Amino acid sequence: MRIGFYQFAPRFGEPQANLAQIAEALEGARADLIVLPELANSGYLFLSQAEVAALAEPIPGPTTEFLTGLAARLQTHLLLGLPERSGDVFYNSAVLVGPEGLSGTYRKAHLFYEEKRYFQPGDLGFPLFDLKGVKLGVLICFDHLFPEAARTLALAGAQIICHPSNLVLPTYGQLTTRVRSIENRIFWVLANRCGTEDRGVKKLTYTGCSQITAPQGTILAEAPADEEMLRLVDIEPEQAADKRVTELNDLFEDRRPELYRG
Ligand code: ACM
C-alpha cells in the first residue's frame, strides 16, 4: 500500500485556489491514500464567526465533489480537513474521499484555543474507515495530545491514523505522533501545513515537518519545516497487527484497564 502527505501553505479564504494547488501538486501521483492538512481548503486563522460561516460548507458539498473528481483521475483516496456547516452548527472536520465519492467524515473532538469560539466539538466519536480492507482512523491536529483518542482508534483496529494538522507549537506534534505510533503499534500520517498566515491583526506560523511513522516509531518520510512537499511511501499495513514488544509482552494484552481511572 502506498500512502503519503502533501504539506503546503493554504491561502486564507481562497478555497478554489487551494484546491487547484492540491490538484496540480498531486498530478501524476500514484498512491492509495494521500493526507492533506487541517482546514486545507479554507485556511485556519479565522477572525470572526462570519468568516467561518462564509467558508464552511456541507458534507458532501463542493469540496468533496472536487475531491471525488481528483480521486477518480488519480485513482486514489484523499483525506482533507475542511470547515463543515451542518444546519446552524460548524465543525472542524475531515473527509475521506475516493473515486466513488465521500466515504467518511470525522469531526475534531478536541478544539484548540480560539477554535472554541467558532466550532462545536465533534460529536461523531472516533469512527474507523475502511480503505480496501485497511482500517483507517482520523484525528485532527490538537487531538494528538489526548492519548485516549489514538488508543480508542487502535483498540478498535485502526492500522493507520491520518492526522491533518495546522500545528503551531514547535516539536509537540512530531514527537507525540511518533510516540502514539510506538505505544499503539500503528502507522501515522501527520500532514501538517507550513508557512505563515498573516491576517493583519493576527498572525500564525505553522511548524511543517509532516511525517509518516511506522509501528516501531521509525520515521519513514518527513518534510522540512517550511517547504511545500508531497511525500509517498510503501507500507505493509498488516504490520500494525503485531502488538508484541517481547515474546512475553503484548501492548494490548498487557493493559490493565481495571487500574486506570479518568
Ligand atoms: C490545532 O489544533 N490546529 C493546533
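Values in this document were obtained by computation on a predicted structure and should not be read as measured data. Both counts, for ligands and for their atoms, begin at 1 and track the order of listing.
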Which residue pairs pass the salt bridge (charged side-chain N to carboxylate O under 4.0 Å, His left out) test with at least one member in residues 71-88, sequence neighbours excluded? Glu84-Arg107

Check: Tyr106 ring centroid to Phe129 ring centroid under 6.0 Å: no

Name of the residue among Leu167, Ile161, Thr176 meeting side-chain contact (heavy atoms from CB on, under 4.5 Å) with Leu190: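 That would be Leu167.
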
May I ask you to check if Arg199 and Phe12 form a cation-pi contact, with NZ or CZ under 6.0 angstrom from the six-membered ring centre and within 45° of the axis?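 Yes, a cation-pi geometry.
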
Could you check ligand 1 for N or O atoms lying under 3.5 Å from protein N or O atoms and list the pairs with distances?
from     : atom 1 : to     : atom 2 : distance (Å)
ligand 1 : 2 (O)  : Lys108 : NZ     : 2.7
ligand 1 : 2 (O)  : Phe142 : N      : 3.0
ligand 1 : 3 (N)  : Glu38  : OE1    : 2.9
ligand 1 : 3 (N)  : Tyr44  : OH     : 3.4
ligand 1 : 3 (N)  : Glu115 : OE2    : 3.3

Quick one, Glu247 with Arg244, criterion salt bridge (charged side-chain N to carboxylate O under 4.0 Å, His left out). Give me CA distance, side-chain angles, the key distance, then yes/no. CA-CA 7 Å; Glu247 58 189 28; Arg244 277 173 308 168; over 6 Å; no

Angle class for the Phe146/Phe142 ring planes (parallel below 30°, perpendicular above 60°, tilted otherwise)?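 Because their plane-to-plane angle is over 60°, the rings of Phe146 and Phe142 count as perpendicular.
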
